[in-house]
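A quick write-up on the structure given underneath.
Counting starts at 1 for both ligands and their atoms, following the listed order.
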Amino acid sequence: MRPILYFIPFFFLLIAIEMWVAHRRGLKLYRLQDTITSLNIGMVSQFVNTVGGIITLVMYSIIVDRFGAFTWDLKNPLTWITALVLYDFFYYWVHRTGHEVNILWAAHVVHHSSEEFNLSTALRQSSTGFYFRWVFYIPLALLGFPVQVFIIVGLIDLVYQYWVHTQLIGRLGFLELFLVTPSNHRVHHGQNDYCIDKNYGGILSIWDRMFGTYADEREDEKPIYGVRKPLQSWNPIWGNVHHYVAIYKQARATPGWRNKLMCFFAGPSWVPPEQAAHTETFEPSKFVRFSTPSPQWMKTLAITSSVIGTALLVHFLIVQANLTMGQRIAYSAAVMVSYFLIGLAWLHPKVLKAAHE
Ligand SMILES: [Zn+2]
Ligand SMILES: [Zn+2]
């Protein structure tokens with residue numbers, strides 16, 4: 001059984017608490033379509049990663065078995081602390097390249113596609129990062145940290161990052177100096193000029209300070225959440241693939257092999273030199289969040305689909321150990337197709353037209 005299963009009630013409980021506190025303070029932090037989309041993206045990523053995550057674990061296990069240099073005493077707390085700090089360091093580089101190399105950004109962009117910032121945003125995890133992320137952790141395997149240690153410190157790093165996705169917690173004094181906090185992670189999710197490519201840390205922000213990517217939240221210019229090429233969709237599957245499609249189209253339209261390669265491997269804002277003069281800076285006051293009509297029937301459909309999806313996910317996580325790989329893929333694919341169709345329905349012109357009437 002995947003350990004993340006145990007955290008699902010805890011995640012939902014904290015979302016409910018955040019909604020309640022925000023309501024009492026008169027803050028509008030949640031919009032239904034955005035929240036449901038975040039939940040659906042999180043759910044889809046869990047389905048995919050129960051299959052995709054196996055690649056990471058198999059590769060890691062092979063390397064540690066063949067090349068692991070040291071034997072670590074698992075009863076010694078220092079083993080765990082060392083593994084966690086090293087994992088967090090490599091996470092910094094996974095995350096940084098996920099922002100600064102376009103084809104890797106195509107996997108990570110989905111985490112940034114919400115134009116809100118709340119605990120449900122944390123659940124927007126990528127479904128396509130599994131094919132490359134494990135490469136960054138090879139040094140941990142070479143050092144001989146057993147696969148169980150790798151799984152547990154990875155889980156700690158991931159679960160830690162949940163609570164920093166909130167606007168209800170202000171700056172935290174000296175903790176800002178070395179920890180990833182809600183304040184400095186808000187900057188990470190901003191699309192303002194001062195937020196771009198900043199604060200990549202998982203648990204520790206010291207890596208950002210060491211490598212020159214740290215920025216404090218500004219009182220005079222609060223972050224505007226989202227990305228500069230907005231998703232403009234509530235479809236969890238499209239959220240995961242849209243930037244791959246955009247890169248493909250850009251590469252096709254760009255003349256010259258060198259420039260075509262740059263479309264994949266340069267930063268997401270790269271454009272051919274002759275177009276560079278047209279790039280714009282971000283104007284916070286002009287930003288308009290994506291929204292669509294949301295009549296009662298659509299709300300009911302949205303909530304129902306998420307409840308059924310979550311129930312299916314819990315069922316899948318419980319039984320998946322007894323399923324063959326083919327059955328796992330079939331189960332995941334069936335859910336994926338359903339969510340793709342629901343996502344299409346939400347934005348179908350006829351549906352939107354009916355919603356207006
Ligand atoms: Zn990021
Ligand atoms: Zn985040």
For the side chain of [X] and the backbone of [Y], is there at least one donor-acceptor N/O pair under 3.5 Å apart?
X	Y	result
K260	A251	yes
W80	V149	no
D208	G201	yes
Q327	T324	yes

**OP:** Among the N/O/S atoms of H185, select the one at the shortest distance from the Zn ion (ligand 2) and name it.
**Re:** NE2

**OP:** Output the atom name for the N/O/S atom of H165 with the smallest distance to the Zn ion (ligand 2).
**Re:** NE2

Original post:
Is the closest side-chain donor-acceptor distance between E283 and S285 under 3.5 Å?
Top reply: yes

Original post:
Please state the angle at the Zn ion (ligand 1) spanned by NE2 of H95 and NE2 of H99: what is it, rounded to 10 degrees?
Top reply: 100°

Original post:
What atom name does the N, O or S atom of H188 nearest to the Zn ion (ligand 1) carry?
Top reply: NE2

Subject >> Nearest to the Zn ion (ligand 1) - the N/O/S atom of H108, by atom name >> reply: NE2

**OP:** Flag H111 as yes if one of its N/O/S atoms falls below 2.8 Å of the Zn ion (ligand 1), otherwise no.
**Re:** no

Original post:
Has H112 got an N/O/S atom less than 2.8 Å from the Zn ion (ligand 2)?
Top reply: no

Subject >> Atom pair CG/OG of L231 and S114 - distance to nearest 0.5 Å >> reply: 9.5 Å

